[in-house]
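Note that the structure is predicted; figures quoted are calculated from it, not measured.
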Amino acid sequence: MFTSLSNLISVMQDAGAKRFYAKRLAPNDNSKNQVYLGGGFDALNIIPHGDIETDFSEKAGAVRRRDKASVEFYWIDSQGTWRAPNAQLILYPKYPEVRMSGFLQNAANAPKGLMVSRAEGRVMFFGVSPEGRVYGYVDAHDSDVVAELDAQGEFPAEGVFSNITRLANTESRNPREILLETLRSVHGKGWISGQRLHSDGIVRPYSAQNGGGYTLEAELGIIPNGIAEPDFMGWEIKQYSVRDFVNFRAKSPVTLMTPEPTSGVYVDNFALFMNDFGYDDTKGRLGRRNFGGIYKYGSEAHARTSVRMLVEGYDPVTGKIEDMGGRILLVAPDDRIAAGWEFKNLLNHWNRKHAKAAYLPSLSSGTPRQYRYADRVQLGQGTDFFRFMRLISQGGVYLDPAVKVENGKQKKRNQFRVRHADLPGLYESLETIVLTP
């Protein structure tokens with residue numbers, strides 16, 4: 001047991017935790033009923049987890065589907081850390097909500113008494129490391145640790161959690177402040193020559209038209225790697241080109257993510273996919289075959305490719321996922337699935353990369369290219385996969401693939417995009433911050 005909250009956080013820090021949360025437990029938050037982590041799937045942005053998996057069981061003649069994700073969870077006390085090897089998150093998409101279970105099974109020195117209890121006022125503390133480890137501690141309502149928490153006043157709420165990271169004193173400024181200061185510095189540089197930071201740590205000139213993002217990433221010290229993790233201190237960074245710094249009207253849609261299909265002819269036989277659904281280059285370039293176009297839910301089949309977008313496992317009326325085994329599909333007139341994206345894979349990508357996102361306007365000019373970044377940024381917070389699917393069902397988020405085979409060489413890029421004006425639908429809050437000195 002710990003005698004103070006500050007001591008608990010200090011020990012969690014020593015174990016590698018950088019983010020800290022507290023959740024007040026209701027009577028039903030126990031090992032029998034699992035620990036409720038909130039409605040929607042917001043908790044997946046806070047608690048690191050493995051890939052979402054599905055198992056099936058039969059009860060009373062009915063097959064029950066359970067969607068779950070493992071958590072590298074450790075109970076922590078003054079004597080050390082103790083792995084709870086069966087800890088996992090359980091997803092209930094029809095409610096929707098997330099719960100945590102398995103935290104006592106085969107877990108040495110786990111606080112069984114408190115986690116079996118239905119006592120009021122218990123508080124569970126979480127420490128999260130950048131590597132994805134989660135440390136847990138629970139204490140009673142009349143403990144010194146809970147008393148110290150109560151004495152601190154209000155903390156920022158993130159779903160059912162209180163974010164108590166400011167108590168750690170690991171950094172005098174929070175990541176948001178550091179991000180804004182860094183973007184303020186980038187704006188202050190004025191025009192910046194196109195560049196790209198490579199994996200060897202060297203910044204080299206870059207002159208292609210898509211250099212605005214690479215140039216900003218280089219200024220932030222971000223090496224492009226395609227990994228589905230946030231770019232900068234927990235924030236996904238996205239620049240978008242505008243015509244001027246007066247109206248800030250975006251020139252093109254925002255690319256949200258570029259996941260590859262997980263099923264369909266595309267996966268089973270890519271050459272057949274390009275033969276059956278691709279088309280010869282419209283500009284007459286020899287040896288090139290493309291698969292492109294805009295695909296929205298509810299739209300007619302594309303004239304060149306003959307496929308249209310369908311969604312299975314999601315109810316656009318209720319806004320609920322009826323089946324986590326559902327998919328976003330491109331379907332041919334003969335009902336063949338040309339390509340499919342499973343919800344659970346899209347969800348993994350979305351939650352890990354888009355929990356917090358910064359959208360920065362930019363201008364470009366000249367040859368070789370130069371870029372200038374605005375004195376304001378939009379910060380989006382509070383998203384989950386339900387918001388993404390809602391915009392899919394409304395046609396706000398759509399698929400805009402840029403797939404080609406040219407002289408035998410494949411280039412695959414499957415883009416889920418959104419008009420800048422529709423961004424507010426993806427976030428609980430989307431605020432514009434002016435980067436004043």
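To the nearest 0.5 Å, atom OG of residue Ser6 and atom CD of residue Gln13 are 10.5 Å apart. Within the model, atoms OG of Ser162 and CG of Leu167 stand 10.5 Å from one another, a figure rounded to the nearest 0.5 Å. Atom-to-atom distance recorded for Arg285:CZ and Asn290:CG is 7.0 Å, nearest 0.5 angstrom. How far CD of Glu158 is from CD of Glu428: 10.0 Å, rounded to the nearest 0.5 Å. A distance of 9.0 Å separates OG of Ser263 from CG of Asn345, quoted to the nearest 0.5 Å. Atom CZ of residue Arg376 and atom CG of residue Leu183 lie 13.5 Å apart, to the nearest 0.5 angstrom.
Between Trp75 and Phe73, a ring centre-to-centre spacing shorter than 6.0 Å is recorded.
Side-chain contact check for Phe41 versus Pro93: some heavy-atom pair is nearer than 4.5 Å. At least one side-chain heavy atom of Asp276 sits less than 4.5 Å from a side-chain heavy atom of Arg336. Counting heavy atoms from C-beta on, the side chains of Phe125 and Ile164 come closer than 4.5 Å. Side-chain contact check for Thr215 versus Arg196: every heavy-atom pair is 4.5 Å or farther apart. In this structure, Glu431 and Gln378 have side chains that are not in contact, with every pair of non-hydrogen atoms separated by 4.5 Å or more. For the pair Leu346 and Pro259, the minimum side-chain heavy-atom distance is below 4.5 Å.
Between Glu219 and Lys189, at least one side-chain N (NZ, or NE/NH1/NH2) sits under 4.0 Å from a carboxylate O, which counts as a salt bridge. Salt bridge status for Lys23 with Asp29: present, with a side-chain N to carboxylate O gap under 4.0 Å. Salt-bridge formation is detected for the pair Asp55/Lys68: a Lys NZ or Arg NE/NH1/NH2 atom is positioned less than 4.0 Å from an Asp or Glu carboxylate oxygen.
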Chi angles and distances behind the ring-ring contact (aromatic ring centres under 6.0 Å, His included) call for Phe385, Trp350 = CA-CA 7 Å; Phe385 191 61; Trp350 181 258; 7.8 Å; no

Arg327 vs Glu312, salt bridge (Lys or Arg N to Asp or Glu O under 4.0 Å): CA-CA, chis, key distance, verdict = CA-CA 5 Å; Arg327 296 175 293 176; Glu312 62 178 26; 2.9 Å; yes

key: Pair Asp315-Lys320, salt bridge (Lys or Arg N to Asp or Glu O under 4.0 Å): steps then yes or no   = CA-CA 6 Å; Asp315 187 335; Lys320 292 184 178 181; over 6 Å; no

request  = Might you work through the side chain to side chain donor-acceptor pair (under 3.5 Å) test for Tyr137 and Asp139, ending with a clear yes or no?
outcome  = CA-CA 7 Å; Tyr137 177 79; Asp139 220 333; 2.9 Å; yes

Steps toward side chain to side chain donor-acceptor pair (under 3.5 Å) verdict (Asn414, Trp341) = CA-CA 11 Å; Asn414 290 281; Trp341 290 260; 5.6 Å; no

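The side-chain contact (heavy atoms from CB on, under 4.5 Å) test with Met12 singles out one residue from Val128, Ile76, Asn7, and that residue is Ile76.
Remark: Arg204 CZ is packed, more than 12 non-hydrogen atoms of other residues, nucleotides or ligands lying under 6.0 Å away. No more than 12 heavy-atom neighbours from other residues, nucleotides or ligands sit within 6.0 angstrom of CD on Gln209.
For Asp67 and Thr54, the side-chain atoms include at least one donor-acceptor pair closer than 3.5 Å. A donor atom on one side chain and an acceptor atom on the other are not found under 3.5 Å apart for Tyr359 and Gln239. In summary, the side chains of Gln79 and Asn109 do not present any donor paired with an acceptor at a separation below 3.5 Å, with no hydrogens or angles considered. Checking Tyr92 against Gln34 by side-chain atom types alone, a donor-acceptor pair falls below 3.5 Å. Side-chain contact check for Arg417 and Thr255: at least one donor-acceptor pair (N or O, by modelled atom type) lies under 3.5 Å. Arg19 and Tyr21 share a donor-acceptor pair across their side chains, judged by distance under 3.5 Å alone. Between the side chains of Gln415 and Arg413, a donor-acceptor pair is found at a separation under 3.5 Å.
Below 30°, between 30° and 60°, or above 60°: for Tyr240 and His420 the angle between ring planes is between 30° and 60°, a tilted geometry. Ring geometry for Tyr266 against Phe270 counts as perpendicular: the plane angle is over 60°, on a 0 to 90° scale with 30° as the lower cut.
In this structure, the side chain of Arg369 does not engage the main chain of Tyr206 through any donor-acceptor pair within 3.5 Å.
Pairing each heavy atom of Pro316 with each of Tyr297, the nearest pair is CG-OH, 3.9 Å. Counting all heavy atoms, side chain and backbone alike, Val242 lies closest to Pro361 at CG1-CB, 3.9 Å. The minimum heavy-atom distance linking Gly40 with Asp384 is given by the pair CA-OD2, 3.9 Å.
For residues 298-311, the pairs satisfying side-chain hydrogen bond (donor to acceptor under 3.5 Å, both in side chains) are Tyr295-Thr305, with sequence neighbours left out.
With Tyr36 as the aromatic partner, Arg99 does not meet the cation-pi criteria of under 6.0 angstrom to the ring centre and within 45 degrees of the ring axis.
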